[in-house]
Peer 1: 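Please find one structure pasted underneath; my questions will follow.
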Amino acid sequence: MVERLLMKGNEAIGEAAIHAGCRYYFGYPITPQSELTAYMARRLLKIEGAAFIQSESEIAAINMVYGAAAAGGRVMTSSSGPGISLKQEGISYLACAELPCVIVNMMRGGPGLGSIQPAQGDYFQATKGGGHGDYHLIVLAPSSVQELVDLTIKAFDLADKYRNPAMILGDGLLGQMMEPVQFKEFQKERIPSKEDWALGSCQGRKPRRIVPFNLDPDELEKIVNKIGRKYEDLPKEVQYEVVNMDDPDIVVVAYGTVARVVKTVIQKGKKEGINIGLIRPITLYPFPYAVINDAANRVKQILVAEMSLGQMVEDVKLAANGKSKVFFYGRTGGVVISPVEIWEEVKKILNQN
Amino acid sequence: MINQSIKAMQLKEKVIIVDLDIVNPYFRLREKREKLKEMGIEVIAPPGKLALADLPIISPEIKGRIQDSNRILFIDAGGDEVGAKSLASFYPVLKNTGYQMNMVINPYRPFTKNSAEIEKMLRDIEQSSRLEVNGLISNPNLGDQTDIELIAKGHDMVRKVSKQLNLPIRYLTVEQSLYQKLSAYCFTENILVIKRYMRLPWDELN
């Protein structure tokens with residue numbers, strides 16, 4: 001039987017990364033993700049050949065990630081809000097150089113230094129390219145501690161497959177809460193060989209370089225177009241969860257922590273005779289446009305609930321393409337939306353329409 | 001800690017809880033300060049907005065309260081040897097009080113999965129706090145996936161440690177929904193039936 005453990009979300013990400021073959025971690029502590037840095041310090045230092053560095057800053061950490069990724073290692077960094085903002089230049093460099101890595105953002109209240117409470121205000125930054133230039137991150141949004149495990153492992157696989165940075169976009173609550181988790185056996189063979197592009201000893205081959213620039217505009221355009229073609233392929237990796245979608249009166253679209261809240265509201269709706277469906281995007285980039293478009297053909301109202309002023313709602317509107325009315329409910333500052341609030345919002349929308 | 005305090009209060013003791021958690025930013029005792037106050041339990045924690053910060057604040061009144069022998073004072077220090085460090089500043093006043101220092105053990109947590117890890121954690125806590133652990137609280141659980149078999153298996157591990165280190169088990173904690181099923185096992189230790197006060201935002205909708 002696979003051993004079960006009671007883990008904090010942040011600890012679970014760390015163990016999942018090690019499980020997936022990550023042997024390099026560089027980071028700087030910030031609430032509410034510091035336990036991840038602490039966990040990696042405790043674990044990696046006991047693994048032969050592994051490296052952990054608490055860097056002098058987030059900027060230093062992301063550039064260390066560049067180095068380890070260029071050398072072909074599975075590497076991770078993590079932070080929250082302000083720290084992720086500091087990493088943006090380096091993330092853009094990683095994307096241009098086509099270097100795989102995993103970046104974890106356990107979101108907190110923003111903008112600015114904000115608060116240390118959970119939030120979802122970094123959706124735009126994560127999915128639309130928070131740094132400069134034409135690039136995207138692969139963005140995965142877990143909703144439980146077990147999913148933090150499964151999606152962290154998946155993030156490493158997708159990053160390697162597409163040679164692109166991948167992000168785990170969680171929030172403080174997911175990072176701090178404890179739930180039981182299991183780690184399935186990981187086959188090392190899943191990690192692809194990087195011999196044909198990574199740096200290292202150039203004995204017997206020509207020296208290589210991995211750089212995030214090309215001064216010749218035509219050559220840089222070729223690089224950007226090559227990166228762009230990867231993003232055209234990404235929709236096949238779309239992952240989402242649907243709940244109670246057989247014949248819903250209204251559909252709620254929510255991710256992460258808020259989706260957990262919606263599931264409680266669905267049960268309340270069943271008792272009160274209101275059928276509430278849920279579409280939970282698990283990949284935020286690529287975004288599950290098709291399933292939402294399909295829902296828009298079937299229901300008149302879609303409610304998007306986020307712990308922000310309204311960010312994912314823009315993608316939902318694009319997906320619905322005017323075929324159903326899209327409403328929004330949000331809280332910010334680190335306030336977690338309660339089941340009562342969503343329930344009241346659902347009733348208000350259904351009564352008015 | 002909340003459950004222990006309530007039990008002490010029910011035994012007509014005057015109870016104060018000190019939230020000395022300088023490690024965890026969420027799920028801290030201070031979040032239940034008002035509720036506990038209504039129950040007659042005073043909580044000492046950083047005041048006002050400072051309670052919402054991730055700063056290692058140690059309230060100045062704690063020392064005086066430790067010396068007040070008319071009350072039972074519970075100090076909740078966060079999780080591991082890092083959290084226990086905050087206790088070291090009270091070593092001069094605590095050492096002569098006949099304090100009880102209990103290590104809460106859940107063998108389903110990382111870093112306390114077996115007797116060797118538990119002993120290491122215990123020694124690290126003692127070193128950073130300068131205090132001696134003189135009792136154990138057996139708290140085997142996997143959150144919502146806890147069942148009686150799992151408690152029994154985990155508790156066996158704590159018993160093993162208790163024997164090895166010659167430390168008494170003060171309580172075995174059991175969540176109230178599982179209490180009725182306990183009779184299948186002959187636990188000889190005191191049972192502390194606990195209620196979960198720290199709930200998640202999606203747990204309830206009235």
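Quick caveat, the model's predicted, so the values are computed rather than measured. Sequence lines set the chain letters: A, B, ... in the order given, protein chains first and strands last, and positions in each chain run from 1.
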Peer 1: With Glu58(A), which residues qualify under side-chain hydrogen bond (donor to acceptor under 3.5 Å, both in side chains), at least two apart?
Peer 2: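 Expected list: none.
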
Peer 1: Pro32(A), Ala38(A), Ser34(A), Gly172(A): which one forms the most heavy-atom pairs within less than 4.5 Å of chain B?
Peer 2: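 Maximum pair count with chain B is reached by Gly172(A).
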
Peer 1: Under a 4.5 Å heavy-atom cut-off, does chain B meet the side chain of Val261(A), its backbone, both or neither?
Peer 2: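 Answer is both: backbone and side chain atoms of Val261(A) are under 4.5 Å from chain B.
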
Peer 1: Taking 4.0 angstrom as the limit, do Glu11(A) and Arg109(B) come out as a salt bridge?
Peer 2: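 Yes, charged N to carboxylate O under 4.0 Å.
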
Peer 1: Do Glu341(A) and Ser338(A) have side-chain N/O donor and acceptor atoms under 3.5 Å apart?
Peer 2: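 On atom types as modelled, these side chains qualify, holding a pair under 3.5 Å.
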
Peer 1: Can you tell me if Asn105(A) and Asp122(A) form a side-chain donor-acceptor pair at under 3.5 Å?
Peer 2: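 Note: Asn105(A) and Asp122(A) side chains meet the donor-acceptor criterion.
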
Peer 1: Please flag which part of Asn106(B) lies under 4.5 Å from any non-hydrogen atom of chain A: side chain, backbone, both or neither.
Peer 2: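 It is the side chain, since no backbone atom gets that close.
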
Peer 1: With only heavy atoms counted, which part of Lys263(A) is less than 4.5 Å from chain B, the side chain, the backbone, both or neither?
Peer 2: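 When you check distances to chain B, no heavy atom of Lys263(A) falls under 4.5 Å.
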
Peer 1: Using distance alone, with no hydrogens and no angle criterion, decide if Gln100(B) and Asn102(B) have a side-chain donor and acceptor under 3.5 Å apart.
Peer 2: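 Per modelled atom types, Gln100(B) and Asn102(B) side chains form a pair under 3.5 Å.
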
Peer 1: Would you check, one step at a time, whether the test side-chain contact (heavy atoms from CB on, under 4.5 Å) holds for Met76(A) with Val104(A)?
Peer 2: CA-CA 8 Å; Met76(A) 183 167 83; Val104(A) 178; 3.9 Å; yes

Peer 1: Which one, Gln267(A), Glu179(A), Met178(A), leads in non-hydrogen pairs under 4.5 Å with chain B?
Peer 2: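 That would be Met178(A).
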
Peer 1: Could you go step by step and tell me if Tyr108(B) and Thr146(B) meet the side chain to side chain donor-acceptor pair (under 3.5 Å) rule?
Peer 2: CA-CA 10 Å; Tyr108(B) 299 104; Thr146(B) 308; over 6 Å; no

Peer 1: Between Lys270(A) and Asn244(A), is there a side-chain heavy-atom distance shorter than 4.5 Å?
Peer 2: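 Yes, their side chains come closer than 4.5 Å.
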
Peer 1: Could you please state which residues from residues 111-120 of chain A sit under 4.5 angstrom from chain B, measuring non-hydrogen atom to non-hydrogen atom, sorted by number, or 'none'?
Peer 2: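 Within residues 111-120 of chain A, near chain B: Ile116(A), Gln117(A), Pro118(A).
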
Peer 1: Measure up the Phe187(B) and His155(B) rings against each other and bin them: parallel (under 30°), tilted (30 to 60°), perpendicular (over 60°).
Peer 2: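 Phe187(B) vs His155(B) ring planes: perpendicular.
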
Peer 1: Using residues 81-94 of chain B as the side-chain source, report each donor-acceptor pair under 3.5 Å to any protein atom, sequence neighbours left out, with the distance given to one decimal.
Peer 2:
from: Glu81(B); atom 1: OE2; to: Arg42(A); atom 2: NH2; distance (Å): 3.2
from: Ser86(B); atom 1: OG; to: Gly83(B); atom 2: O; distance (Å): 2.9
from: Ser89(B); atom 1: OG; to: Ser86(B); atom 2: O; distance (Å): 3.0

Peer 1: Measuring heavy-atom distances to chain B, does Leu173(A) have an atom under 4.5 Å in its side chain, in its backbone, in both, or in neither?
Peer 2: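 Backbone plus side chain of Leu173(A), per the 4.5 Å heavy-atom cut-off to chain B.
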
Peer 1: Could you name the residues of residues 21-39 of chain B that have a heavy atom within less than 4.5 Å of a heavy atom in chain A?
Peer 2: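 Hits under 4.5 Å: Val23(B), Asn24(B), Pro25(B), Tyr26(B), Phe27(B).
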
Peer 1: Determine, stepwise, if the pair Arg170(B) / Asn134(B) fulfils side chain to side chain donor-acceptor pair (under 3.5 Å).
Peer 2: CA-CA 10 Å; Arg170(B) 310 259 190 226; Asn134(B) 49 31; 3.1 Å; yes

Peer 1: When the aromatic ring centroids of Tyr39(A) and Phe111(B) are compared, is their separation below 6.0 Å?
Peer 2: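 Here the rings of Phe111(B) and Tyr39(A) have centres that are less than 6.0 Å from each other.
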
